[in-house]
2 protein chains.
Amino acid sequence: MNSSLLDRLRDRGYRLTSQRRVVAEVLDGDHIHMTADEVLEGAVSRLPEISRATVYNTLRELTELGEILELNLDGRSKRYDPNVTRAHHHLVCDRCGLVFDVQFEVEVPSLGLAEKHGMSIRRSEIVHHGTCRTCTG
Amino acid sequence: MNSSLLDRLRDRGYRLTSQRRVVAEVLDGDHIHMTADEVLEGAVSRLPEISRATVYNTLRELTELGEILELNLDGRSKRYDPNVTRAHHHLVCDRCGLVFDVQFEVEVPSLGLAEKHGMSIRRSEIVHHGTCRTCTG
DNA sequence: GCACGACTTGGACTGATTCCAACTTTGTTG
DNA sequence: CAACAAAGTTGGAATCAGTCCAAGTCGTGC
């Protein structure tokens with residue numbers, strides 16, 4: 001999954017730098033919703049000289065390519081979700097920012113023409129907001 | 001609707017200040033999704049000496065009381081939606097931040113126990129991401 | 001009308017993210 | 001394999017949204 005991501009990058013004319021390799025490596029996994037800072041932290045532990053700017057650049061590129069999803073779940077940091085293939089909902093604790101995936105077999109119904117207001121829709125997401133067990137106390 | 005919002009505030013022990021009145025007034029409407037800055041701008045035009053901090057305070061209070069919804073649609077500013085009674089989706093342009101309401105008669109299916117991961121869910125939202133006509137160019 | 005506590009204020013501060021100009025590296029070409 | 005150009009990286013400055021705070025103001029109940 002990860003090597004093929006790097007392949008796809010190269011095929012699209014992106015250079016394979018050690019930085020991109022490391023970021024891809026850090027993001028690998030299934031129920032991952034890391035902030036840019038967490039990605040940086042993981043990247044630094046593998047490649048100490050990597051910079052914050054590069055992590056942000058790479059996350060933007062991967063998002064634009066559709067390889068990861070950029071999530072604005074709470075109003076704090078964006079989170080990045082490498083699971084773009086299996087549709088799923090997100091469950092967010094509004095207090096601490098904790099995120100769970102929900103594999104829920106209900107499709108978001110697609111919109112009719114009138115409802116689209118002339119927009120082209122790229123993706124639809126379902127987010128459940130609440131409070132996690134720890135924060136409920 | 002607006003006077004009753006002020007009534008509800010007073011009933012809960014909040015003082016009726018001119019600032020709160022003005023913010024409530026600015027937020028009144030049906031398909032409104034203003035940023036804090038836009039609320040401030042509207043408030044200043046009615047009460048020039050109102051401060052940014054007060055607008056933020058009031059928006060937080062109204063959100064906590066459930067009188068408005070706080071939306072994190074794009075990664076930029078939060079937006080505030082006074083329509084809390086009629087369930088609806090949001091349609092967001094990821095380029096310019098434009099928001100439309102979609103009155104769509106499909107409920108978000110509620111989650112089973114296992115899927116809640118021990119969380120208590122307060123609200124569920126559906127967001128459609130895309131590009132608006134202007135930004136598609 | 002007074003007093004008390006709730007509310008407001010502006011300016012400093014924080015956290016997240018973007019920008020930038022100089023430097024480095026990759027992939028290509030001869 | 002050496003050299004080159006373009007793409008990528010860097011760290012630090014800058015921006016943007018939002019929060020915090022101590023001092024001053026004002027709504028409300030008596």
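Here is the naming used below: chain letters follow the sequence lines, and residue numbers restart at 1 for every chain.
Ionic pairing of A/R12 and A/E67 is present here: one or more N-O contacts between side-chain nitrogen and carboxylate oxygen are shorter than 4.0 angstrom. Between B/R10 and B/D7 a salt bridge is recorded (basic side-chain N to carboxylate O distance below 4.0 Å). Using a 4.0 Å cut-off between charged nitrogen and carboxylate oxygen, A/D37 and A/R52 count as a salt-bridge pair.
Listed nucleotides: D/dG8, D/dG18, D/dT10. Nearest to the side chain of A/E49: D/dT10. When the nucleotides D/dA7, D/dG12, D/dA17 are ranked by their closest atom to the side chain of A/A53, D/dG12 comes out on top. Distance from the side chain of A/Q19 is smallest for D/dT9 among the nucleotides D/dG27, D/dT9, D/dA17.
Considering only heavy atoms from C-beta on, B/L27 comes within 4.5 Å of B/L62 through its side chain.
Using a 4.0 Å heavy-atom criterion, one finds that A/R52 contacts the bases of the nucleic acid, with or without backbone contacts as well. Note on B/T54: a base of the nucleic acid sits closer than 4.0 angstrom, heavy atoms only.
No side-chain donor-acceptor contact under 3.5 Å links A/E61 to the backbone of A/Y56. Without hydrogens or angle criteria, A/E25 side chain to A/R20 main chain gives no donor-acceptor distance under 3.5 Å. With hydrogens and angles disregarded, no donor-acceptor distance shorter than 3.5 Å links the side chain of A/R46 to the backbone of A/V22.
Comparing B/R15 and B/T58 by the nucleotide of DNA chain C whose heavy atom lies nearest to each, the residue mapping closer to the 5' end is B/R15. Place B/D37 and B/R10 on DNA chain D by their nearest nucleotides, and B/D37 ends up nearer the 5' end. Mapping B/S18 and B/R76 onto DNA chain D by nearest heavy atom places B/R76 at the nucleotide closer to the 5' end.
Taking atom CG of A/N72 as the reference point, atom P of D/dA17 lies 14 Å away to the nearest angstrom. Rounded to whole angstrom, the span from the CD1 atom of A/I50 across to the P atom of D/dG12 amounts to 16 Å. The distance between atom CG of B/D74 and atom C1' of D/dC16, rounded to the nearest whole Å, is 13 Å. Spacing between atom CG of A/N57 and atom P of D/dG12 amounts to 17 Å, rounded to whole angstrom units. If you measure from atom CG of A/L47 to atom P of D/dG8, you get 17 Å, rounded to the nearest angstrom. Counting to the nearest Å, the P atom of D/dT28 and the CG atom of B/L6 are 11 Å from each other. Between the CG atom of B/L59 and the P atom of D/dA17 there is a distance of 14 Å, given to the nearest Å. Following rounding to the nearest Å, B/R79 (CZ) and D/dG18 (P) show an atom-to-atom distance of 10 Å.
Boundaries of the chain A contact region on DNA chain C are C/dA16 to C/dG27, first to last in 5' to 3' order (nucleotide atom under 4.0 Å from a heavy atom).
OP1 or OP2 of D/dA17 has at least one side-chain nitrogen or oxygen of B/S77 nearer than 4.0 Å. A close approach under 4.0 Å does occur between a side-chain nitrogen or oxygen of A/R20 and OP1 or OP2 of D/dG8.
Axis orientation changes by 30° from one end of the helix from C/dG1-D/dC30 to C/dG30-D/dC1 to the other, with each end axis drawn from 5 pairs and the value rounded to 10°.
Under the 4.5 Å side-chain contact rule for hydrophobic residues, A/V44 and A/V55 share a cluster.
Checking A/H129, A/H31, A/H33 one by one against A/H90, the ring pair (Phe, Tyr, Trp, His ring centres under 6.0 Å) holds for a single residue, A/H33.
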**Request:** Give the C-alpha distance, both sets of side-chain angles, the deciding distance and a yes or no for side-chain contact (heavy atoms from CB on, under 4.5 Å) between A/E125 and A/L71.
**Result:** CA-CA 10 Å; A/E125 63 173 339; A/L71 308 174; 4.1 Å; yes
